[in-house]
Amino acid sequence: AQSVTQPDIHITVSEGASLELRCNYSYGATPYLFWYVQSPGQGLQLLLKYFSGDTLVQGIKGFEAEFKRSQSSFNLRKPSVHWSDAAEYFCAVGAAGTASKLTFGTGTRLQVTL
Amino acid sequence: DAGVIQSPRHEVTEMGQEVTLRCKPISGHNSLFWYRQTMMRGLELLIYFNNNVPIDDSGMPEDRFSAKMPNASFSTLKIQPSEPRDSAVYFCASSLNGVSGNTIYFGEGSWLTVV
C-alpha cells in the first residue's frame with residue numbers, strides 16, 4: 001500500500017527566507033508524486049508533479065521539488081517565500097494504472113511572518 | 001474551460017436529515033474521486049470511479065454513505081441519516097485515466113455542517 005509522511009505539521013518562516021517542506025513516501029514501484037496547496041477556505045491547487053525524467057521539477061509560483069529515490073523523498077522548496085504563500089501544503093503519491101488513486105499526507109501548514 | 005464543479009458550496013443541516021452533494025467532473029475526464037477533509041483525519045479518499053464504475057469504496061465510512069455516478073458528467077455523494085461527526089469538507093476531483101501521467105483536479109469543496 002502507498003503512504004505519505006509529512007513530518008512537519010507547522011512551519012513558520014520569515015518573508016524572503018528560503019523554504020523546504022519535507023515529504024517521504026512509501027510505494028513499491030516508481031511513484032507519481034504531487035504537491036498541492038490549499039489556501040484557507042479554498043480547494044486544492046496543484047503546484048507541481050513528478051512522473052518520470054528529470055528529478056528536479058518546477059512548478060507554479062516559483063516552487064520546485066526534487067525526487068530522490070534513494071531517500072524516498074520529494075521535498076518542496078522555494079528560494080524566497082512571499083507572505084501570500086501562507087497556506088497548507090499537501091504531498092501526495094499515486095500508483096501507476098488507469099484506475100488508480102491518490103494518497104495524501106497530513107499536510108504542513110506554512111505561516112509567513114513579515 | 002470549467003473545472004470540477006461542486007454543489008452546494010456550503011450546507012448546514014440538522015442531524016438525521018439526508019444530505020446530497022453533487023459533482024460535475026471536467027468534461028472528458030473518466031476518473032472521479034470523492035475525498036473528505038477534517039481536522040482530525042486530514043484528506044481521506046472515500047470512493048473513486050473509473051468510467052462510471054466504482055473501483056474502490058473502501059474509504060466510505062459506513063452504510064449511511066453512498067455514492068453514484070449515473071453518467072460521465074455527474075456524481076452524487078449521499079449521507080442518510082447525517083450525524084454531527086459527518087461535518088467536514090467534501091471534495092470531488094477528476095482526472096483522465098486515474099493518476100497515470102495525469103493530474104487530478106479538485107473542486108472547491110462542499111462545506112458541510114451537521115448540527
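Naming convention: chains lettered A, B, ... in sequence-line order (proteins, then strands); numbering from 1 in each chain.
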Option in A:Ser52, A:Gly41, A:Ala92 with maximal non-hydrogen atom pairs under 4.5 Å from chain B: A:Gly41
Approximate separation, where rounding is to 0.5 Å, of B:Leu43 CG and A:Gln38 CD: 6.5 Å
Part of A:Leu44 lying under 4.5 Å from any heavy atom of chain B: both
Cluster overlap A:Leu19 with A:Phe74, hydrophobic side-chain contacts below 4.5 Å: yes
same_hphob_cluster(A:Tyr27, A:Val57) at 4.5 Å side-chain heavy-atom cutoff: yes
Nearest heavy atoms of A:Leu102 and B:Tyr35, plus distance in Å: O-OH, 2.6 Å
Residue B:Glu14 excluded, over 12 heavy atoms near CD under 6.0 Å: no
Side chain, backbone, both or neither of B:Asp56 within contact of chain A (heavy atoms, under 4.5 Å): side chain
Contact check, side chains of A:Tyr32 and B:Thr103, non-hydrogen atoms, under 4.5 Å: no
Neighbour count >12 (heavy atoms, 6.0 Å) for atom CZ, B:Arg41: no
Within 6.0 Å of CD1 in A:Ile60, more than 12 heavy atoms from elsewhere: yes
B:Gln37, part contacting chain A, at a heavy-atom distance under 4.5 Å: side chain
Aromatic ring proximity B:Phe33/A:Phe104, centre distance under 6.0 Å: no
Whether over 12 other heavy atoms sit under 6.0 Å from B:Asn71 CG: yes
Contact leader toward chain A among B:Phe49, B:Tyr105, B:Phe91, where contacts are heavy-atom pairs under 4.5 Å: B:Phe91
ILVMFWY network linking B:Tyr48 to B:Val89, side-chain heavy atoms under 4.5 angstrom: yes
